[in-house]
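To keep things clear, I will list the structure first and then write my remarks on it.
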Amino acid sequence: MTMLFSSQVPRWLQVLLTEKFFNACIIHEDAKKNEKNIFCLDCCISICPHCFHPHSSHRLLQIRRYVYHDVIRLDDATKLMDCSFVQSYITNSAKVIFINQRPQTRQFRGSGNFCTICDRSLQDPYLFCSLSCKVNYLLRTEDGLSKFLFECNYLPLPDSGLDDGLVTPDSVLDPSGSTKTSSGSGGYDEVWCGALASTATTSEIVRKKRTSLTACRPTCPPVSGSLMNRRKKTPQRAPLY
């Protein structure tokens, strides 16, 4: 990876291949969905959805996860550089490629096709398992990367990123610790008042049920006092014949 820090590699590509994505944003550490899953090529930094607005006019890459590793859409990558012979995969109906090579638990040297750099098993006719493997190969075999890089002045986030809640163009996401007042939706006061109303309604239903049960219950005639105070007499027996 030391070859990546040569003058032949543009700054944005160096950062993309070495950045740690999906860490919590320290600026919005108390907010929900604060993982840094957007890469700004103009600023060469990773940002979270809450940081989107200052970078809305910049070139942006959506970083995704596939089998616990960082990937980017193939359509976006091909706007930036030549990605031929890099093996692609399909996730969420989109073709993606790995940014960096993945560690292997064991070497598998059977018959088949393998990555030119890291010897990972590949499908035909691919030669590289990730973007970084191809960059390393070009740095070893070519005079530079200039003829493999493309001029891209406009790279917005895909519409799917907006649909998946990646960013909210018209509003800033609410931090997890914030509570709304009764004028908002979902606030503590509204929930508490809703609970009281629910409790009152339940009590009213129970009271009505008990009243209706009492009305339907058959009433017994009152017991007279003479019967209650009557003393026990001598039992009468049948006459003997």
Query raised in the report: How far apart are the C-alpha atoms of Q101 and S132, what are their side-chain angles, what is the distance that settles it, and do they pass the side chain to side chain donor-acceptor pair (under 3.5 Å) test?
Result: CA-CA 7 Å; Q101 65 185 62; S132 64; 4.9 Å; no

Query raised in the report: If we only count heavy atoms from C-beta on, is the I38 to L61 side-chain gap below 4.5 Å?
Result: no

Report task. Check W12 against F39 and note the closest heavy-atom contact, atom names and distance. Result -> O-CZ, 3.5 Å

Query raised in the report: What do you reckon, is CG of D124 surrounded by more than 12 foreign heavy atoms closer than 6.0 Å?
Result: yes

**Report entry** I99 CD1 to R64 CZ distance, which is reported to the nearest 0.5 Å
**Finding:** 12.0 Å

Query raised in the report: Which pair of heavy atoms, one from Q87 and one from Q123, lies closest together, and at what distance?
Result: OE1-N, 2.9 Å

Query raised in the report: Which residues satisfy the ring-ring contact (aromatic ring centres under 6.0 Å, His included) test with H58, sequence neighbours excluded?
Result: H55

Query raised in the report: Does the side chain to side chain contact (heavy atoms under 4.5 Å, CB included) test come out yes or no for N37 and F21, once each step is laid out?
Result: CA-CA 6 Å; N37 56 0; F21 296 101; 6.0 Å; no

Query raised in the report: Please walk me through it: do V86 and L127 pass side chain to side chain contact (heavy atoms under 4.5 Å, CB included)?
Result: CA-CA 6 Å; V86 179; L127 300 178; over 6 Å; no

Query raised in the report: Do C115 and K134 have side chains that get closer than 4.5 Å, going by heavy atoms?
Result: no

Query - Shared-cluster residues of Y89, by chain and number - hydrophobic side chains joined below 4.5 Å - result: Y66, V67, V71, V96, F98

**Report entry** K79 versus C152, closest heavy-atom pair with distance
**Finding:** O-CB, 3.4 Å

**Report entry** Residues which pass side-chain contact (heavy atoms from CB on, under 4.5 Å) with Q8, listed by chain and number, not counting sequence neighbours
**Finding:** S6, L139

**Report entry** Greater than 12 external heavy atoms within 6.0 Å of F150's CZ
**Finding:** yes

Query - Worked check of side chain to side chain contact (heavy atoms under 4.5 Å, CB included) between L80 and L155 - result: CA-CA 9 Å; L80 300 171; L155 188 65; 4.2 Å; yes

Report summary line: What one should report as the nearest heavy-atom pair of L60 and F52 is CD1-CE1, 3.5 Å

Query raised in the report: What do the steps show when you test R120 against Q104 for side chain to side chain contact (heavy atoms under 4.5 Å, CB included), and what is the final call?
Result: CA-CA 8 Å; R120 177 175 287 277; Q104 300 188 69; 3.2 Å; yes

Query raised in the report: So, for M81 and L149, which heavy atoms are closest and what is the spacing to 0.1 Å?
Result: CB-CD2, 3.7 Å

Requested in this report: Look only at the side chain of N92 and the backbone of A94, and say whether a donor-acceptor pair between them is shorter than 3.5 Å.
Outcome: no

Report task. Output every pair passing salt bridge (charged side-chain N to carboxylate O under 4.0 Å, His left out) with a member in residues 43-60, not counting sequence neighbours, ordered by first then second residue. Result -> D42-R59

Query raised in the report: Are C129 and L122 side-chain neighbours, meaning at least one heavy-atom pair lies under 4.5 Å?
Result: yes

Query - Sub-4.5 Å side-chain heavy-atom contact between V15 and L41 - result: no

Report task. Supply the atom-to-atom distance C48 SG to N23 CG, rounded to the nearest 0.5 angstrom. Result -> 12.0 Å

**Report entry** Test item: D70 and R65 side chains (from C-beta on) under 4.5 Å apart, heavy atoms
**Finding:** yes

Query raised in the report: Can you tell me how far the CG atom of L17 sits from the CG atom of N136, to the nearest 0.5 Å?
Result: 8.0 Å

Query raised in the report: Taking the hydrophobic residues Ile, Leu, Val, Met, Phe, Trp and Tyr, and joining any pair whose side-chain heavy atoms are under 4.5 Å apart, which ones share a cluster with I27?
Result: I26

Query raised in the report: How close do F22 and E35 get, heavy atom to heavy atom, and via which atoms?
Result: CD2-OE1, 3.5 Å

Query - Side-chain heavy-atom pair N100, R102 within 4.5 angstrom cut-off - result: no

Query raised in the report: Side chains of C83 and L74: does their closest heavy-atom pair fall under 4.5 Å?
Result: yes

**Report entry** pair E19-K36: side-chain heavy atoms closer than 4.5 Å
**Finding:** yes

Requested in this report: Mark yes or no for whether N34, through its side chain, and H28, through its backbone, hold a donor-acceptor pair below 3.5 Å.
Outcome: yes

Report task. Can you measure from NE2 (H50) to NZ (K33) and round to the nearest 0.5 angstrom? Result -> 8.5 Å

Report summary line: Applied to residues 121-148, the ring-ring contact (aromatic ring centres under 6.0 Å, His included) test, sequence neighbours excluded, yields F128-Y137

